[in-house]
Participant: 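Mind having a look at this structure? Questions to follow.
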Number of protein chains: 2
Amino acid sequence: MSENVPIKAVDRTLAILQTLGEYDTVGVTALAEDLDLPRSTVFNHLKTLESGEYVVNDGGEYRLGSRFLELGAKARDFHDVYEAARGEVSRLAEETGEISALLIEEHGLGVFLYRSEGEGSVHIDSFTGQRIYLHGAALGKAILAGLPESRVDGIVQRRGLPTLTDNTVTERDELSAELAEIAEAGVAFDDEERLDGLRSVAAPIYDGEEVLGSVSLAGPSSRVYGDRFREEFPAKVADAASAAELNLTYS
Amino acid sequence: MSENVPIKAVDRTLAILQTLGEYDTVGVTALAEDLDLPRSTVFNHLKTLESGEYVVNDGGEYRLGSRFLELGAKARDFHDVYEAARGEVSRLAEETGEISALLIEEHGLGVFLYRSEGEGSVHIDSFTGQRIYLHGAALGKAILAGLPESRVDGIVQRRGLPTLTDNTVTERDELSAELAEIAEAGVAFDDEERLDGLRSVAAPIYDGEEVLGSVSLAGPSSRVYGDRFREEFPAKVADAASAAELNLTYS
DNA sequence: GAATCTGTTTTACATTGTGGGACAGGGATG
DNA sequence: CATCCCTGTCCCACAATGTAAAACAGATTC
């Protein structure tokens with residue numbers, strides 16, 4: 001990579017935006033301290049972002065502007081699988097009373113494109129746009145299982161296989177073996193591998209040979225066990241994935 | 001404003017992001033031509049954005065990354081009115097079979113925070129995050145009616161009162177008169193003022209003395225007329241707004 | 001197989017982002 | 001009521017850095 005990339009000023013603006021997102025609203029001084037940058041520098045960036053209407057100045061304090069909603073919607077709409085699967089995800093959540101979600105891969109991580117919580121489902125602090133490790137969730141493994149070995153290697157190399165819970169798969173060999181099983185079965189399981197107490201089942205959504213994403217059904221281990229975990233949920237997510245695939249071809 | 005704001009490099013990155021959003025995926029050359037910038041400059045910006053994982057490189061072509069989903073969700077979550085009103089908006093759409101939406105004000109424009117389409121509703125090409133003129137819609141006028149005169153002046157001065165359809169209110173006096181009516185009635189109307197063939201009714205959502213946003217109900221003039229337009233819809237949006245206000249205080 | 005696209009790399013110069021420091025105003029403190 | 005110490009904002013000089021022309025390599029086209 002040449003000398004003048006990344007562009008320092010742009011990198012800083014991105015860092016400022018990210019940090020800004022961690023606050024509700026925040027002043028220049030606090031933001032500058034958090035980022036370990038001079039106040040005047042942060043100020044110049046904020047004023048630039050404000051003039052572009054990407055940031056809002058609320059009486060001296062700053063916050064993210066809703067222009068990012070627009071960019072986010074466009075980023076999401078690029079993925080046809082969103083429109084194709086959204087309805088199925090909502091239906092799964094409603095039918096089971098648990099949590100259902102849609103994940104895609106990007107930059108070697110999983111990104112939630114959509115989530116739906118059924119009535120009485122546990123509340124998990126995750127949200128649209130959240131990024132997770134692929135190896136640590138049924139959703140992620142379902143996607144990995146559909147990628148060529150070389151891409152899986154690249155992702156593992158880039159992101160590693162960090163431990164998330166006691167059950168997380170952290171060995172490359174073990175992961176490969178599991179991905180092979182998943183590819184055959186068409187369903188992936190997650191037994192408290194990402195979050196303690198949470199089990200989930202996921203199925204990949206294909207467009208021909210290519211995995212576009214995956215759908216899941218997740219709930220607390222106290223409610224998800226036995227046949228419900230091993231039979232009912234797999235059948236339901238597989239159905240939902242098939243329905244989404246059908247929607248994809250007719251649109 | 002001092003000489004070194006806006007920061008040119010940041011401004012360019014913002015322009016690149018915006019233009020990027022207008023394409024599905026796009027190459028460096030096309031993007032550079034669209035923006036009238038040298039290819040190498042655009043390239044440097046794209047590579048910087050890519051290294052920050054805000055942009056995705058799909059085999060030479062680029063597109064917006066889903067990190068903006070995350071920023072967008074955070075920008076939206078800042079507005080408590082979103083959580084408070086979302087359910088009501090969905091309910092309105094479901095009950096009437098028409099379109100319902102939630103709008104807030106930002107930088108003198110209206111921003112859709114949420115939208116819901118009932119079964120059989122007309123499909124309008126608008127989306128979460130879309131920005132509209134406040135004077136040209138029931139939603140916007142409902143908000144304007146709740147702002148102090150000085151702020152309305154500021155907004156009109158900044159954004160003007162451009163003509164959107166033959167019915168758009170484009171005179172400052174006329175707008176003032178209508179805002180006064182709206183403030184009294186608690187409901188705003190839009191009779192094909194923003195889009196031909198579309199009528200809508202909106203009510204403001206207050207937190208004490210302050211307007212936080214507005215909810216609307218909209219449909220084609222062929223279905224929205226007479227008592228439905230003048231009685232039923234106003235009653236429904238007012239109810240929804242009240243319910244949202246209640247949700248705000250108990251959360 | 002030549003021509004012409006593409007994304008990418010290189011390079012050198014002038015522009016411009018940077019950051020220390022100063023300023024005005026508001027709140028808190030005494 | 002005066003002092004102090006915050007805050008966001010502004011100024012400015014200099015070195016760093018973003019810029020853009022031109023060259024490059026690989027596809028695609030003709």
Side-chain angles (χ1 to χ4, degrees), chain A residues 1-65 78 106-107 150-151 154, chain B residues 1-65 78 106-107 154:
Chain A
M1 198 167 294
S2 65
E3 272 310 314
N4 36 12
V5 160
I7 299 171
K8 196 160 134 190
V10 173
D11 248 14
R12 288 190 164 173
T13 273
L14 295 177
I16 286 170
L17 288 173
Q18 167 132 357
T19 307
L20 205 51
E22 290 163 16
Y23 292 87
D24 213 40
T25 79
V26 66
V28 177
T29 304
L31 198 56
E33 273 173 13
D34 194 330
L35 288 158
D36 201 28
L37 287 175
R39 281 185 302 162
S40 55
T41 298
V42 172
F43 178 77
N44 286 341
H45 281 262
L46 286 173
K47 279 300 169 203
T48 303
L49 290 165
E50 186 191 3
S51 75
E53 302 179 6
Y54 283 89
V55 149
V56 178
N57 182 338
D58 234 348
E61 301 232 310
Y62 294 82
R63 61 180 161 85
L64 290 176
F78 168 80
E106 191 177 292
H107 286 292
S150 61
R151 285 217 49 208
Chain B
M1 197 167 294
S2 64
E3 271 312 314
N4 36 12
V5 162
I7 299 171
K8 196 160 133 190
V10 174
D11 248 15
R12 286 189 166 176
T13 273
L14 294 178
I16 286 170
L17 287 173
Q18 166 131 358
T19 307
L20 205 51
E22 291 164 15
Y23 293 87
D24 214 39
T25 81
V26 65
V28 177
T29 304
L31 198 55
E33 274 174 10
D34 194 330
L35 288 158
D36 201 27
L37 286 175
R39 280 184 302 163
S40 57
T41 298
V42 172
F43 179 78
N44 285 341
H45 281 262
L46 286 172
K47 279 300 169 200
T48 302
L49 291 165
E50 185 191 4
S51 75
E53 302 180 5
Y54 283 88
V55 150
V56 179
N57 182 338
D58 233 349
E61 301 232 309
Y62 294 82
R63 61 179 161 86
L64 290 176
F78 167 81
E106 192 178 291
H107 286 292

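By convention in this document, chain letters (A, B, ...) are assigned in the order of the sequence lines, proteins followed by strands, and residues within each chain are numbered from 1.
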Participant: Please report, rounded to the nearest Å, how far the P atom of D/dT9 is from the CZ atom of A/Arg39.
Facilitator: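 Interatomic distance, CZ of A/Arg39 to P of D/dT9: 11 Å.
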
Participant: Among all residues two or more places apart in sequence or in another chain, which pass the side-chain hydrogen bond (donor to acceptor under 3.5 Å, both in side chains) test with B/Thr48?
Facilitator: none

Participant: Locate the shortest heavy-atom distance separating B/Leu35 from B/Ala15; write the atom from each residue and the value.
Facilitator: CD2-O, 3.9 Å

Participant: Just how far, in rounded Å, is C1' of C/dA22 from CZ of A/Phe43?
Facilitator: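 Distance check: A/Phe43 CZ to C/dA22 C1' gives 14 Å.
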
Participant: Are the side chains of B/Leu46 and B/Leu20 in contact, using a 4.5 Å heavy-atom criterion?
Facilitator: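 B/Leu20 vs B/Leu46: side chains touch.
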
Participant: Residues of residues 20-31 of chain B with any non-hydrogen atom less than 4.0 angstrom from an atom of DNA chain D: list those, numerically ordered, please.
Facilitator: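 Here the set is empty: none.
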
Participant: Minimum heavy-atom separation for A/Leu49 and A/Ile16, please, with both atom names.
Facilitator: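 Here A/Leu49 and A/Ile16 meet closest at CD1-CG2, 4.4 Å.
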
Participant: If you compare all heavy atoms of B/Ala9 against all heavy atoms of A/Ile7, which two are closest, and at what distance to 0.1 Å?
Facilitator: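 That would be CB-CG2, 4.4 Å.
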
Participant: So, for B/Glu50 and A/His107, which heavy atoms are closest and what is the spacing to 0.1 Å?
Facilitator: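 Closest approach of B/Glu50 to A/His107, heavy atoms only: O-CE1, 3.7 Å.
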
Participant: What is the bend of the helix from C/dG1-D/dC30 to C/dA28-D/dT3 when you compare the axis at one end with the axis at the other, using five pairs each and rounding to 10°?
Facilitator: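 The value is 40°.
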
Participant: Which parts of nucleotides 25-30 of chain D does protein reach within less than 4.0 Å, heavy atoms only, written one letter per nucleotide 5' to 3' as B for base, S for sugar-phosphate only and - for none?
Facilitator: ------

Participant: Taking the side chain as every heavy atom from C-beta outward, state whether B/Val55 and B/Leu17 have any atom pair closer than 4.5 Å.
Facilitator: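 When only atoms from C-beta onward are counted, B/Leu17 and B/Val55 do touch, with a gap below 4.5 Å.
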
Participant: If I compare all heavy atoms of B/Pro6 with all of A/Ser51, which pair ends up nearest, and what's the gap?
Facilitator: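 So the minimum-distance heavy-atom pair works out to CB-OG, 4.0 Å.
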
Participant: Figure out the CG/P separation between B/Asp36 and D/dT19, and round it to whole Å.
Facilitator: 14 Å

Participant: Dump every N/O contact between nucleotides 12-19 of chain C and the protein below 3.5 Å, one line per pair.
Facilitator:
residue, atom, partner, partner atom, Å
C/dT16, OP1, B/Lys8, NZ, 2.1
C/dG17, OP1, B/Lys8, N, 3.0
C/dG17, OP1, B/Ala9, N, 3.2
C/dG17, OP2, B/Lys8, N, 3.3
C/dT18, OP1, A/Arg12, NH1, 3.2
C/dT18, OP2, A/His45, NE2, 2.9
C/dT18, O4, B/Asn4, ND2, 2.3
C/dG19, OP2, A/Arg12, NH1, 2.8
C/dG19, OP2, A/Thr41, OG1, 3.2
C/dG19, N7, A/Ser40, OG, 2.7

Participant: Donor-acceptor pairs under 3.5 angstrom involving side-chain atoms of residues 56-65 of chain B: please list them, not counting sequence neighbours.
Facilitator:
residue, atom, partner, partner atom, Å
B/Asn57, OD1, B/Gly59, N, 3.4
B/Asn57, OD1, B/Gly60, N, 2.9
B/Asn57, ND2, B/Tyr62, OH, 3.3
B/Asp58, OD2, B/Arg63, NE, 3.2
B/Asp58, OD2, B/Arg63, NH2, 3.4
B/Glu61, OE1, B/Thr25, OG1, 2.7
B/Glu61, OE2, B/Gly27, N, 3.4
B/Tyr62, OH, B/Lys47, NZ, 3.2

Participant: Name all pairs fulfilling the side-chain hydrogen bond (donor to acceptor under 3.5 Å, both in side chains) condition that reach into residues 31-42 of chain A, sequence neighbours left out, sorted by first residue then second.
Facilitator: A/Tyr23-A/Asp34

Participant: Applying side chain to side chain contact (heavy atoms under 4.5 Å, CB included), run through B/Leu31 and B/Leu37 and close with a yes or a no.
Facilitator: CA-CA 8 Å; B/Leu31 198 55; B/Leu37 286 175; over 6 Å; no

Participant: Tell me every residue that passes ring-ring contact (aromatic ring centres under 6.0 Å, His included) with A/Tyr54, counting only those two or more places apart in sequence or in another chain.
Facilitator: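 With sequence neighbours excluded, A/Tyr54 shows a ring-ring contact (aromatic ring centres under 6.0 Å, His included) to A/Phe68, given in chain and number order.
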
Participant: Could you check which residues of residues 53-63 of chain B get a heavy atom under 4.0 Å from DNA chain C? Sort them by number, please.
Facilitator: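 Under 4.0 Å from DNA chain C: B/Asn57, B/Gly60, B/Tyr62.
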
Participant: Find the distance A/Leu46:CG to D/dC10:C1' and express it as a whole number of Å.
Facilitator: 15 Å

Participant: Restricting to salt bridge (Lys or Arg N to Asp or Glu O under 4.0 Å), what partner residues turn up for B/Glu53, sequence neighbours left out?
Facilitator: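 With neighbours one apart ignored, the set is A/Arg131, A/Arg158, A/Arg159.
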
